[in-house]
Amino acid sequence: MRSAADSERRGAVTRPRYLDDVDQRLIEALQKNGREPFRRIAAEVGVSEATIRARYGRLCEDNILQVTAVTNPLGLGFEAQAMVGIRTAGAPEPVADEIAGWDEAGYVVITAGQFDILVELVCADRRQLLDLTNRVRALDGVVSTESFLYLELWKQLYDWGARAKDGRRPVTV
């Protein structure tokens with residue numbers, strides 16, 4: 001069972017819950033500008049600033065929203081960034097749990113298809129990337145890996161909003 005600290009370190013990985021129009025518009029405003037004043041968002045949405053503050057707090061507490069600076073690791077001097085596909089012999093969850101605890105792994109997903117797990121690694125240099133890849137290969141249950149070294153970050157956006165393209169909201173579980 002995962003602890004609250006594990007969930008916090010893993011980021012927003014919980015199932016969706018019902019989001020009303022106020023929640024959705026707050027998320028969309030912050031995706032456009034994470035420094036947008038709550039007062040301005042409240043005026044655009046047509047609710048009080050206190051409502052926006054409360055909704056923001058709840059969305060953050062529920063691991064639905066996290067406002068952070070998004071950077072280009074290659075532009076910051078990290079010389080090696082890669083997506084690593086991992087095949088496991090058994091259930092992928094124990095391997096994913098282990099790697100999710102590594103600082104260098106910013107993205108860990110269990111997938112269907114050719115790979116059981118995809119991991120994005122951000123490293124100071126290729127030597128560190130090799131060391132981490134070897135660390136992955138040494139984990140119990142790992143059968144094979146395939147690394148996709150990033151040459152340049154061409155597009156990275158987090159502005160898809162809170163609604164599906166057809167306007168539907170996520171189904172509540």
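The first residue in the sequence is number 1, and the count goes up from there.
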Practice prompt. Would you kindly confirm whether V67 and I27 end up in one hydrophobic cluster when ILVMFWY residues are joined by side chain heavy atoms under 4.5 Å apart?
Written response: yes
Worksheet item: Hey, are E44 and R40 close enough for a salt bridge, meaning a charged N less than 4.0 Å from a carboxylate O?
Response: no
Worksheet item: Is there a chain of hydrophobic side chains (I, L, V, M, F, W, Y, each step under 4.5 Å between heavy atoms) that links Y150 to Y107?
Response: yes
Discussion item. Let me check something: do L76 and L153 share a hydrophobic cluster, defined by ILVMFWY side-chain heavy atoms less than 4.5 Å apart, either directly or through other members?
Written reply: no
Discussion item. If you compare all heavy atoms of L149 against all heavy atoms of A82, which two are closest, and at what distance to 0.1 Å?
Written reply: CA-CB, 4.0 Å
Discussion item. Quick check for you: to the nearest 0.5 Å, what is the distance between E28 atom CD and N33 atom CG?
Written reply: 14.5 Å
Practice prompt. Measure the CD-CG distance between Q31 and L26 for me, rounded to the nearest 0.5 Å.
Written response: 10.0 Å
Practice prompt. Output the distance between atom CD (E79) and atom CZ (R127), rounded to the nearest 0.5 Å.
Written response: 14.5 Å
Worksheet entry | Pairwise side-chain contact, Y56 with L30, heavy-atom cut-off 4.5 Å (strictly under) | yes
Discussion item. Parallel, tilted or perpendicular: which one describes the rings of F115 and F148, with boundaries at 30° and 60°?
Written reply: perpendicular
Worksheet item: Should V119 and V136 count as side-chain neighbours, where that means a heavy-atom distance under 4.5 Å?
Response: no
Practice prompt. Report the distance from atom CG of D125 to atom SG of C123, rounding to the nearest 0.5 Å.
Written response: 8.0 Å
Worksheet item: Does F38 belong to the same Ile/Leu/Val/Met/Phe/Trp/Tyr cluster as L65, with side-chain heavy atoms less than 4.5 Å apart forming each link?
Response: yes
Worksheet item: Is any side-chain heavy atom of T133 less than 4.5 Å from a side-chain heavy atom of L129?
Response: yes
Discussion item. Under 4.0 Å between a side-chain nitrogen and a carboxylate oxygen: does that hold for D131 and R135?
Written reply: no
Fill in: 4.5 Å side-chain heavy-atom contact, I117 and V142
no
Worksheet item: Do V108 and V143 belong together in a cluster built from hydrophobic side chains that touch within less than 4.5 Å?
Response: no
Worksheet item: Is there side-chain contact between V84 and L121, with at least one heavy-atom pair below 4.5 Å?
Response: yes
Practice prompt. Check Q81, E120, Q128 against E104 for a side chain to side chain contact (heavy atoms under 4.5 Å, CB included) and give me the one that passes.
Written response: Q128
Practice prompt. Would you check if V47 and I41 make a side-chain contact, meaning some heavy-atom pair closer than 4.5 Å?
Written response: no
Fill in: Heavy-atom neighbours of D140 CG exceed 12 at 6.0 Å
no
Worksheet item: Are L139 and I99 side-chain neighbours, meaning at least one heavy-atom pair lies under 4.5 Å?
Response: yes
Worksheet entry | Exercise: identify the closest heavy-atom pair between R58 and D23 | NH2-OD2, 3.0 Å
Discussion item. Quick check against the 3.5 Å criterion: does R87 have a side-chain atom that pairs as donor or acceptor with the backbone of D116?
Written reply: no
